[in-house]
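See below for the structure under consideration.
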Amino acid sequence: MRGVLRAESLWVETFTGLRMRQFERLVKVVRERGGNGPGGGRPWCLPLADRVLLVAVYYRTNLAMRQLAPLFGCSPATVCRVIQRLRPLLAIEPATRPADAVERLWIVDGTLVPVRDRKVGASSRNYRFSANVQVIIDADTRLVVAAARPVPGNTADAKAWRDSGLARHCEGVTVLADGAYINTGLVVPHCKRPGRALLPGEEEDNAEHRRVPARVEHAFARMKHYKILRDCRQRGNGLHHAVQAVAHMHNLAMAA
């Protein structure tokens with residue numbers, strides 16, 4: 001059975017949101033990480049570029065595997081094996097400490113991703129089973145710096161941040177956050193205290209502060225063009241791999 005989709009410019013740009021040269025960079029990364037395997041055994045029925053396209057299309061459209069199979073001319077079992085094999089290889093590489101760290105400004109925030117796996121998510125404020133994913137972006141480039149492993153959606157942002165291990169990527173860099181991150185060592189807005197209003201200077205600081213963290217919300221909106229982050233059916237580490245891969249593809253799309 002011959003499939004419809006191939007790693008060609010028309011299909012890549014239509015179904016992944018990436019230009020062909022950006023997609024080729026993604027394929028190169030997967031190949032360098034061992035995407036073709038050690039060799040030996042039964043060969044894949046799809047070339048590497050088509051397999052990377054399959055995973056990208058899956059994340060972008062959130063189609064079921066039985067729906068993707070005829071598009072690529074393979075069986076649902078093959079689609080499952082391709083996704084399981086390649087999804088860790090699409091992950092973003094966390095940024096190292098930049099040379100001009102003192103001059104850089106990063107932003108951290110959490111977003112809720114609906115999940116089906118009850119071991120990963122929890123009932124949260126959006127009345128769905130969700131997972132809380134902490135993400136750092138660069139305020140200037142809007143690129144994702146790092147993303148943490150998901151935690152249950154009823155976890156407070158401050159606790160999710162402390163447990164995420166992302167702080168080690170932020171040494172020497174100024175990191176902004178919203179008021180949910182009080183007492184975490186991040187730069188947060190001034191808070192009102194009982195019986196004392198904010199000073200005029202503090203009001204101005206807060207107004208300026210609100211303008212910058214809005215950029216991370218814009219990044220979340222772009223990342224959620226990949227529908228896997230609107231309703232993740234993957235279990236276990238599936239959401240973690242999806243977030244890392246989507247962050248990688250988001251960066252490729254933004255950098256070019």
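- The heavy-atom pair separating Leu89 from Val30 by the smallest distance is O-CG2, 3.9 Å.
- Remark: the backbone N or O of Thr16 is paired with a side-chain donor or acceptor of Tyr226 at under 3.5 angstrom.
- Residue Ala146 comes nearest to Leu166 through the heavy atom pair CB-CD2, 3.9 Å, listed as atom of the first residue, atom of the second, then distance.
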Audit row: Ser9, Val12, side chain to side chain contact (heavy atoms under 4.5 Å, CB included) steps and yes/no
CA-CA 5 Å; Ser9 179; Val12 167; 5.9 Å; no

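- Applying the salt bridge (charged side-chain N to carboxylate O under 4.0 Å, His left out) rule to pairs touching residues 107-124 yields Arg116-Asp231, Asp117-Arg235, sequence neighbours excluded.
- Checked for salt-bridge contact, Glu24 and Arg19 miss the test: no charged N lies under 4.0 Å from a carboxylate O.
- Once rounded to the nearest 0.5 Å, the distance linking CG of Leu48 with CG of Asn36 reads 4.5 Å.
- Leu239 and Phe220 end up in the same hydrophobic cluster when Ile, Leu, Val, Met, Phe, Trp and Tyr side chains are linked at under 4.5 Å.
- Distance CG/Leu5 to CH2/Trp11: 6.0 Å, rounded to 0.5 Å.
- Residues Met223 and Val151 fall into different hydrophobic clusters, defined by Ile, Leu, Val, Met, Phe, Trp and Tyr side chains chained together at heavy-atom separations under 4.5 Å.
- Side-chain N or O atoms of His248 include one that pairs as donor or acceptor with a backbone N or O of Leu90 at under 3.5 Å.
- Between the side chain of Arg128 and the main chain of Pro114, no donor-acceptor pair closer than 3.5 Å is present.
- With Asn237 contributing its side chain and His240 its backbone, the two residues share no donor-acceptor pair below 3.5 Å.
- A distance of 10.0 Å separates CD in Glu171 from NE2 in His169, rounded to the nearest 0.5 Å.
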Assess the residue pair Glu32 and Lys28 against the criterion (side chain to side chain contact (heavy atoms under 4.5 Å, CB included)); give the C-alpha distance rounded to whole Å, side-chain angles, the decisive distance to 0.1 Å, and a yes or no.
CA-CA 6 Å; Glu32 291 172 349; Lys28 180 182 178 182; 3.1 Å; yes

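- The closest side-chain heavy-atom distance from Val82 to Trp44 is below 4.5 Å.
- The shortest side-chain heavy-atom distance between Val29 and Val27 does not fall under the 4.5 Å cut-off.
- Inter-residue side-chain proximity for Ile136 and Val144 is flagged as unmet; no heavy-atom pair is nearer than 4.5 Å.
- Contact between Ala49 and Phe23 at its shortest, heavy atoms only, is O-CZ, 3.3 Å.
- Smallest separation of non-hydrogen atoms from Arg87 and Gly238: NH1-CA, 3.4 Å.
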May I have the step-by-step check of side-chain hydrogen bond (donor to acceptor under 3.5 Å, both in side chains) for Tyr58 and Gln234, ending in yes or no?
CA-CA 11 Å; Tyr58 173 63; Gln234 292 277 299; 3.0 Å; yes

Given the rule in the side chain to side chain contact (heavy atoms under 4.5 Å, CB included) test, do Val79 and Cys74 qualify, once you have shown the distances and angles that lead to the verdict?
CA-CA 7 Å; Val79 172; Cys74 59; 3.7 Å; yes

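- The only member of Asp138, Thr174, Thr141, Asp140 that meets side-chain hydrogen bond (donor to acceptor under 3.5 Å, both in side chains) when paired with Arg104 is Asp138.
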Step by step, would you call Leu71 with Leu63 a side chain to side chain contact (heavy atoms under 4.5 Å, CB included)?
CA-CA 11 Å; Leu71 294 177; Leu63 291 173; 4.1 Å; yes

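- Between the side chain of Gln244 and the backbone N or O of Ala147, at least one donor-acceptor pair lies under 3.5 Å.
- For CZ of Arg233, the number of neighbouring non-hydrogen atoms (other residues, nucleotides, ligands) closer than 6.0 Å is greater than 12.
- Of all non-hydrogen atoms in Ala69 and Ser75, the two that sit nearest each other are CB-C, 3.7 Å.
- Contact annotation: the side chain of Val113 never approaches that of Ile228 to less than 4.5 Å [non-hydrogen atoms, C-beta and beyond].
- You'll find the side chain of Trp106 stays beyond 4.5 Å of the side chain of Ile137, heavy atoms only.
- Residues Leu26 and Leu18 meet the side-chain proximity criterion, which asks for heavy atoms closer than 4.5 Å.
- For residues 216-225, the pairs satisfying side-chain hydrogen bond (donor to acceptor under 3.5 Å, both in side chains) are Thr111-Lys224, with sequence neighbours left out.
- Side chain of Arg168 to backbone of Gly165: a donor-acceptor contact under 3.5 angstrom is found.
- Residues in residues 44-62 take part in these salt bridge (charged side-chain N to carboxylate O under 4.0 Å, His left out) pairs, two or more places apart or across chains: Arg6-Asp50.
- Of all heavy-atom pairs spanning Leu86 and Gly35, the tightest one is CD2-O, 3.9 Å.
- Counting heavy atoms from C-beta on, the side chains of Gln134 and Val108 come closer than 4.5 Å.
- Residues Trp161 and Leu186 are in side-chain contact: their nearest non-hydrogen atoms beyond the backbone lie under 4.5 Å apart.
- Between the CZ atom of Arg162 and the OH atom of Tyr181 there is a distance of 11.0 Å, given to the nearest 0.5 Å.
- Proximity of a side-chain donor or acceptor of Thr14 to a complementary backbone N or O of Leu10 within less than 3.5 Å is detected.
- Judged purely by atom type and a 3.5 angstrom limit, Asn132 uses its side chain to pair as donor or acceptor with the backbone of Thr155.
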